[in-house]
Amino acid sequence: QVQLVESGGGLVQPGGSLRLSCAAAGRIFSIYDMGWYRQAPGKQREFVAIISQDGSTNHADSVKGRFTISRDNAKNTVYLQMNTLKPEDTAVYYCNINGDGMAYWGKGTLVTVSS
């Protein structure tokens with residue numbers, strides 16, 4: 001019954017910025033953590049960033065200093081601010097929310113970084 005609605009993907013030039021959003025549509029009583037993963041064409045899915053219930057964050061080394069994950073608990077929404085985008089950031093980005101003992105995944109939003 002719970003679905004994650006992602007938005008914010010698109011085409012951007014190298015050095016540009018995008019902000020991804022992922023909102024949970026449906027009832028989640030208690031959210032443990034929220035995260036972002038990405039999968040480039042022909043490559044394995046990789047971890048991007050995660051934010052825990054207490055606000056602690058971890059970012060993949062490849063995006064540290066450029067990407068920032070955040071959350072709005074009142075809206076059950078997780079964000080990923082992406083700055084100084086590089087061509088290697090091109091991928092389908094998936095949000096993940098763990099709550100009520102379950103893992104929920106979005107359908108993905110495509111980010112293309114190209115000149």
Side-chain angles (χ1 to χ4, degrees):
Q1 293 181 353
V2 174
Q3 291 186 260
L4 305 186
V5 182
E6 299 156 318
S7 63
L11 174 65
V12 64
Q13 293 186 346
S17 298
L18 287 173
R19 191 180 79 154
L20 306 183
S21 300
C22 176
R27 184 185 302 108
I28 303 179
F29 291 104
S30 181
I31 296 176
Y32 174 61
D33 58 22
M34 305 180 184
W36 289 95
Y37 296 76
R38 67 186 183 186
Q39 187 170 22
K43 297 183 179 180
Q44 190 174 351
R45 184 188 67 178
E46 66 175 352
F47 166 79
V48 175
I50 191 168
I51 182 166
S52 65
Q53 191 176 33
D54 66 1
S56 300
T57 62
N58 280 294
H59 297 78
D61 289 341
S62 60
V63 306
K64 284 183 178 178
R66 299 187 300 117
F67 292 11
T68 303
I69 189 171
S70 62
R71 64 190 288 174
D72 186 333
N73 292 330
K75 298 180 179 179
N76 284 349
T77 301
V78 60
Y79 305 94
L80 185 68
Q81 179 66 46
M82 305 185 295
N83 299 325
T84 319
L85 283 161
K86 303 175 180 179
E88 51 263 45
D89 295 319
T90 296
V92 176
Y93 285 71
Y94 299 91
C95 66
N96 163 253
I97 297 179
N98 296 314
D100 296 341
M102 301 182 67
Y104 303 95
W105 290 88
K107 294 182 178 180
T109 183
L110 177 63
V111 173
T112 302
V113 184
S114 177
S115 59

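This one's a predicted model, so the numbers in the text were calculated from it and none came from an experiment. Quick note: residue numbers are just sequence positions, from 1. These numbers come from the heavy atoms of this one structure, side chains and all, not from hydrogens, waters or symmetry mates.
- Residues V78 and I69 have side chains in contact (heavy-atom distance under 4.5 Å, counting atoms from C-beta outward).
- In this structure, D100 contributes its side chain and M102 its backbone to no donor-acceptor pair below 3.5 Å.
- Taking the side chain as every heavy atom from C-beta outward, V92 and T109 never approach each other to under 4.5 Å.
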Quick one, V12 with T112, criterion side chain to side chain contact (heavy atoms under 4.5 Å, CB included). Give me CA distance, side-chain angles, the key distance, then yes/no. CA-CA 6 Å; V12 64; T112 302; over 6 Å; no

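- In this structure, T68 and M82 have side chains that are not in contact, with every pair of non-hydrogen atoms separated by 4.5 Å or more.
- For the pair I50/T57, no side-chain contact is recorded, criterion being any heavy-atom separation below 4.5 Å from C-beta on.
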Output, in order, the C-alpha distance, side-chain angles, deciding distance and verdict of side chain to side chain contact (heavy atoms under 4.5 Å, CB included) for I31 and N98. CA-CA 6 Å; I31 296 176; N98 296 314; over 6 Å; no

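- The two residues K43 and Q39 have their closest heavy-atom pair at O-NE2, 3.0 Å.
- The shortest heavy-atom contact between M34 and I97 is CG-CG1, 4.0 Å.
- Look at K86 and D89 and you find no salt bridge, because none of the NZ, NE, NH1 or NH2 atoms lies under 4.0 Å from a carboxylate O.
- A disulfide bond (SG atoms under 2.5 Å apart) check over residues 19-115, counting only residues at least two apart or in different chains, returns the pairs C22-C95.
- Here the shortest heavy-atom pairing between P14 and S115 reads CD-N, 3.7 Å.
- Contact check on R38 versus E46 returns a salt bridge, with a Lys/Arg side-chain nitrogen under 4.0 Å from an Asp/Glu carboxylate oxygen.
- The hydrophobic cluster around V5 extends to none of the other residues, as no ILVMFWY side-chain heavy atom falls under 4.5 Å of it.
- The heavy-atom pair separating S17 from N83 by the smallest distance is OG-OD1, 2.9 Å.
- Y93 places none of its side-chain heavy atoms less than 4.5 Å from the side chain of L110.
- The backbone N or O of D54 lies less than 3.5 Å from no partner atom in the side chain of S56, so there is not a single donor-acceptor pair.
- When side chains are defined from C-beta on, V111 counts as touching L20, because their heavy atoms get closer than 4.5 Å.
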Any chance you could lay out the side chain to side chain contact (heavy atoms under 4.5 Å, CB included) test for Y94 and K107, step after step, and finish with the verdict? CA-CA 7 Å; Y94 299 91; K107 294 182 178 180; 5.9 Å; no

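- Every pair passing ring-ring contact (aromatic ring centres under 6.0 Å, His included) that includes a residue from residues 30-73 is listed here, sequence neighbours excluded: Y37-F47, Y37-W105.
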Show your working on side chain to side chain contact (heavy atoms under 4.5 Å, CB included) between V48 and V63 and close with a plain yes or no. CA-CA 7 Å; V48 175; V63 306; 4.3 Å; yes

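- The two residues A49 and L80 make their nearest non-hydrogen contact at CB-CD1, 4.3 Å.
- The minimum heavy-atom distance linking S52 with D33 is given by the pair CA-CB, 3.8 Å.
- Using a 4.5 Å heavy-atom cutoff, the side chains of Q3 and Y104 are not in contact.
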